[in-house]
Amino acid sequence: MLMHMKPEKAKEFLGQIKKINVMIENKIAEVEHWKSVAMGIVPSGADVKINGVVQQMDKVQASGSQQKMADAIVKYVDLQAEINPDIDKLIDTRKNIIATIELLEAEKYDLLHKVYVQSFTLDEVAAMYGFSYSWATTLHGRALKDVERILDERGDPDEQ
């Protein structure tokens with residue numbers, strides 16, 4: 001017997017895309033940092049903006065010590081390798097979420113796609129349709145209940 005899913009679980013299921021995107025963006029920023037250090041591009045003590053945050057880079061001179069350059073190269077290569085499985089996970093997760101919401105009627109599908117895949121707010125989606133925010137929240141709630149029903153019917157323990 002399947003347990004009834006709570007709306008929070010449906011939101012968590014749909015919200016996975018945003019979290020994975022942020023994780024990948026941060027790893028890419030780290031990779032770019034270590035790539036710059038490894039190539040000796042970052043001047044000693046330079047301030048660099050990564051994801052909107054100013055950070056002081058490690059003290060690596062343009063000529064740089066051989067060990068610091070080697071360490072930077074290793075970190076760069078390791079982080080680059082970590083990104084590939086994350087991207088694969090993102091692609092698989094996106095496919096699963098999109099396939100799930102494609103089972104809904106068109107209007108519910110479109111709203112959930114705009115909110116969870118395209119990262120629009122409910123206010124923005126309501127404006128796109130020319131309707132009120134209240135309309136968007138009502139449709140969103142109904143769509144989440146439909147997603148819950150689909151996930152319950154699947155019985156997949158990873159989605160409950």
Which value, rounded to the nearest 0.5 Å, describes the distance between [X] atom [atom1] and [Y] atom [atom2]?
{"X": "Glu105", "Y": "Asp146", "atom1": "CD", "atom2": "CG", "value": "7.0 Å"}
{"X": "Glu82", "Y": "Gln80", "atom1": "CD", "atom2": "CD", "value": "10.5 Å"}
{"X": "Asp78", "Y": "Ile73", "atom1": "CG", "atom2": "CD1", "value": "12.0 Å"}
{"X": "Ile98", "Y": "Ile17", "atom1": "CD1", "atom2": "CD1", "value": "5.5 Å"}
{"X": "Leu122", "Y": "Ser132", "atom1": "CG", "atom2": "OG", "value": "11.0 Å"}
{"X": "Glu32", "Y": "Ile28", "atom1": "CD", "atom2": "CD1", "value": "8.0 Å"}

Flag if over 12 foreign heavy atoms under 6.0 Å of CZ, Arg94: yes

Any side-chain heavy-atom pair of [X] and [Y] under 4.5 Å:
{"X": "Leu104", "Y": "Ile150", "answer": "yes"}
{"X": "Asp92", "Y": "Asn96", "answer": "no"}
{"X": "Leu14", "Y": "Ile101", "answer": "yes"}
{"X": "Tyr129", "Y": "Asp110", "answer": "yes"}
{"X": "Lys9", "Y": "Leu151", "answer": "no"}

What is the minimum heavy-atom distance between [X] and [Y], and which atoms define it?
{"X": "Glu124", "Y": "Ser119", "value": "OE1-O, 4.4 Å"}
{"X": "Asp86", "Y": "Ile20", "value": "O-CG2, 4.0 Å"}
{"X": "Ala126", "Y": "Ala136", "value": "CB-CB, 3.9 Å"}

Worked check of side chain to side chain contact (heavy atoms under 4.5 Å, CB included) between Lys19 and Val22: CA-CA 5 Å; Lys19 181 180 178 181; Val22 169; 5.9 Å; no

Suppose we call two aromatic rings close when their centres sit under 6.0 Å apart. Are His140 and Tyr116 close by that rule? yes

For the hydrophobic clusters of this structure (ILVMFWY residues joined by side-chain heavy atoms under 4.5 Å, transitively), does one cluster hold both Ile87 and Met23? no

Going only through I, L, V, M, F, W and Y residues with side-chain contacts under 4.5 Å, is there a path from Tyr76 to Val74? no

Distance-only, no hydrogens or angles: does the Gln16 side chain make a donor-acceptor pair with backbone N or O of Phe13 under 3.5 Å? yes

